[in-house]
Amino acid sequence: MSSNLALRVQAAPDDLMADLRRLGFTDYEGRIYIELVRQGKPGTAYELSKNAGVPRPNTYNALEALAQRGAVLAVSESPARYVATPPEELLGSIARETTALCNDVSVRLSEMAAPVDDQLVWSLTGDSSIHEKVNRLIVNARESLMIKAADDILARHIDSLTEAGERGVEMLIVVYGPDAKRFTFGPRCRTYIHEGNGLRMGSTDNLFTIAVDHGSMLTAHVTEPVRAVHTSNRPIVNLAESLIRHDYYMAEICTRFGGEIEAAFGPYLRDLRLACFTPEQADTFRQKTGL
C-alpha cells in the first residue's frame, strides 16, 4: 500500500466507521460510502477501490449492496460511476424504517409476552439510559407525578414535564434549589423548595425519586456511578410516595414555623441530623452549611 493510499484510508474516522457498522454497513461498504461522500463526485469501482483501500472484487460487491439499500446510485455506464445518496437523506430513511420496524416488532412481541411480575425491582446503570427511562415515565403519566430532585436534574426534563402539565397531570414536586416557580408546570402542579431553603446536604440530595400514577416508581443515584432502580411493587411505590409527601409536609412546616424550628433544633435541623448522621454525612453537612 502506498503512503498516499495509507493516508486516504486513515482519513475514515474509526468512530464513524464503528457507527456505520452499528447501522448495518460492513467495513468495506462503510469505507466506500465515506469515500463517495468525501469526494462529492461520481467515482468508478477502480477509483473507489484505490482511494478507499478496498480490494477490487470486494468493491463491486460492496457497491451492489450499497445500491440495494439506496446508499449509492449508478449515474453512468461503461464504466459505471456511482454517487453517494446525501447522508441526511439516507440516514433519515434508515431512521424511519428502523422506527417502523421496532414499533412493529414491539407490538408483536408484546402480544406474545407473559404478564410482567410487578413484584420485581429492576436495575439500571448509566446516565443516558436512566434519564431516558425517567423521561418515558413522565411521558406515560396520565394522572399523577410525585418527584423529589435537585434543580439541575429536573432541568433535564423540563420539556416532558411541561407537556405533562399541559395534559392536566397532577404534580407534587420537592426541589433542591432556590426557584420553585421554574419547576411549576401548570395549575395542577405544586412545587416546594426542600425544607424551605433548598440546600443540598447529606446523601439524599443526590437522589432523583419519581412516583407515577400511584403505580410505579424510580429512584436514581445521579452522581457517578449513576445507577437506579424502578418497580411497580406496591409497598415500594407507597414508600417512595411517602418520602415525597413527608418532604412536602416539612416544606410547608418550615415555611410557616421556620423561626421556632431553628430555635428548637438549630439551623437546617442541625441537632436532629447530627444525632443520626453517619460521620461521613455529618462532615458533609458541616461543609455545606458551615455549621
- Message: If you apply the rule side chain to side chain contact (heavy atoms under 4.5 Å, CB included), what do you find for Arg286 with Leu274, and how did you get there?
- Response: CA-CA 9 Å; Arg286 294 189 179 97; Leu274 292 180; 3.9 Å; yes

- Message: Any donor-acceptor pair under 3.5 Å linking the side-chain atoms of His214 with those of Glu241?
- Response: yes

- Message: I want to check something: taking the side chain as every heavy atom from C-beta on, are Ile173 and Phe185 in contact at a cut-off of under 4.5 Å?
- Response: yes

- Message: Any heavy-atom pair between the side chains of Arg190 and Tyr248 that's under 4.5 Å?
- Response: yes

- Please walk me through it: do Asp27 and Met17 pass side chain to side chain contact (heavy atoms under 4.5 Å, CB included)? CA-CA 7 Å; Asp27 282 352; Met17 284 296 302; 4.1 Å; yes

- Query: Would you say Leu269 and Ile261 make side-chain contact, with heavy atoms under 4.5 Å?
  - Reply: yes

- Query: Do Ile158 and Val212 belong together in a cluster built from hydrophobic side chains that touch within less than 4.5 Å?
  - Reply: yes

- Spell out, yes or no, whether Leu161 and Leu218 are grouped together once hydrophobic residues are joined by side-chain heavy atoms under 4.5 Å, including indirect joins. yes

- Taking every heavy atom of Gln39 against every heavy atom of Asn51, the minimum-distance pair comes out as OE1-ND2, 4.2 Å

- Task: Taking the side chain as every heavy atom from C-beta outward, state whether Leu20 and Glu29 have any pair of such atoms under 4.5 Å apart.
- Result: no

- Message: Side chains of Leu243 and His246, heavy atoms from C-beta outward: is any pair under 4.5 Å?
- Response: no

- Task: Keeping the roles fixed (side chain from Arg142, backbone from Asp213), state whether a donor-acceptor pair exists under 3.5 Å.
- Result: no

- Examine distances only and state if a side-chain atom of Arg81 and a backbone atom of Lys41 form a donor-acceptor pair shorter than 3.5 Å. no

- Is the number of heavy atoms from other residues, nucleotides or ligands under 6.0 Å of Arg136 CZ greater than 12? yes

- Does Glu89 offer a backbone N or O that forms a donor-acceptor pair with the side chain of Ser93 under 3.5 Å? no

- Query: Please walk me through it: do Leu154 and Arg182 pass side chain to side chain contact (heavy atoms under 4.5 Å, CB included)?
  - Reply: CA-CA 10 Å; Leu154 268 179; Arg182 183 187 180 197; over 6 Å; no

- Task: Using a 4.5 Å cut-off on heavy atoms from C-beta on, say whether the side chain of Pro267 contacts that of Thr289.
- Result: no

- State plainly whether one hydrophobic cluster holds both Ile138 and Val169, where clusters connect Ile, Leu, Val, Met, Phe, Trp and Tyr through side-chain heavy atoms under 4.5 angstrom apart. yes

- Query: Hey, what do you get for NZ (Lys181) to CD1 (Ile193), rounding to the nearest 0.5 Å?
  - Reply: 13.0 Å

- Nearest heavy-atom neighbours spanning Leu36 and Gly43: CD2-N, 4.1 Å

- Query: Between Leu63 and Val83, is there a shared hydrophobic cluster once you connect ILVMFWY residues whose side-chain heavy atoms come closer than 4.5 Å?
  - Reply: no

- Point-to-point distance, once rounded to the nearest 0.5 Å, from CD1 of Ile210 to CD1 of Ile244: 8.0 Å

- Single-linkage hydrophobic cluster, 4.5 Å side-chain cutoff, Leu172 and Met250 together: no

- Item | Listed once per pair and sorted, the salt bridge (charged side-chain N to carboxylate O under 4.0 Å, His left out) pairs that draw on residues 92-115, sequence neighbours left out | Asp104-Arg108

- Can you see which heavy atom on Ser216 is nearest to which on Ser232, and at what distance? CB-OG, 3.7 Å

- Mark yes or no for whether Asn233, through its side chain, and Leu120, through its backbone, hold a donor-acceptor pair below 3.5 Å. no

- Does Asn238 offer a backbone N or O that forms a donor-acceptor pair with the side chain of Ser242 under 3.5 Å? no

- Query: Backbone N or O of Ser106 within a donor-acceptor pair of the Ser110 side chain at under 3.5 Å?
  - Reply: yes

- Taking side chain as C-beta onward, heavy atoms only, is Gln281 less than 4.5 Å from Arg273? no

- What closest approach, in Å, do Ile32 and Ala62 show between heavy atoms, and which atom pair accounts for it? CD1-CB, 3.6 Å

- Taking Arg31 for the side chain and Gly53 for the main chain, is one N or O donor matched with an acceptor at less than 3.5 Å? yes

- Does a side-chain heavy-atom distance below 4.5 Å link Asn58 with Thr26? no

- Do side-chain atoms of Thr85 reach the backbone of Gly70 as a donor and acceptor pair under 3.5 angstrom? yes

- Message: Can you classify the ring geometry of Phe285 versus Phe277 as parallel (below 30°), tilted (30 to 60°) or perpendicular (above 60°)?
- Response: perpendicular

- Task: Could you label the plane-to-plane angle of the Tyr33 and Phe25 rings as parallel, tilted or perpendicular, counting under 30° as parallel and over 60° as perpendicular?
- Result: tilted

- Item | Aromatic ring pairing Phe208/His131, orientation class (parallel under 30°, perpendicular over 60°, tilted between) | perpendicular

- Message: Whether the side chain of Ser49 engages the backbone of Val54 through a donor-acceptor N/O pair (distance < 3.5 Å, no angle test) should be reported.
- Response: yes

- Kindly determine whether Leu23 and Leu91 satisfy side chain to side chain contact (heavy atoms under 4.5 Å, CB included), including the steps that lead there. CA-CA 9 Å; Leu23 291 171; Leu91 295 174; 3.7 Å; yes

- Just by modelled atom types, is the Ala251 backbone N or O under 3.5 Å from a matching donor or acceptor in the Thr255 side chain? yes

- Looking only at heavy atoms, which two atoms of Pro178 and Asp151 are closest? And how far apart? CD-OD2, 3.6 Å

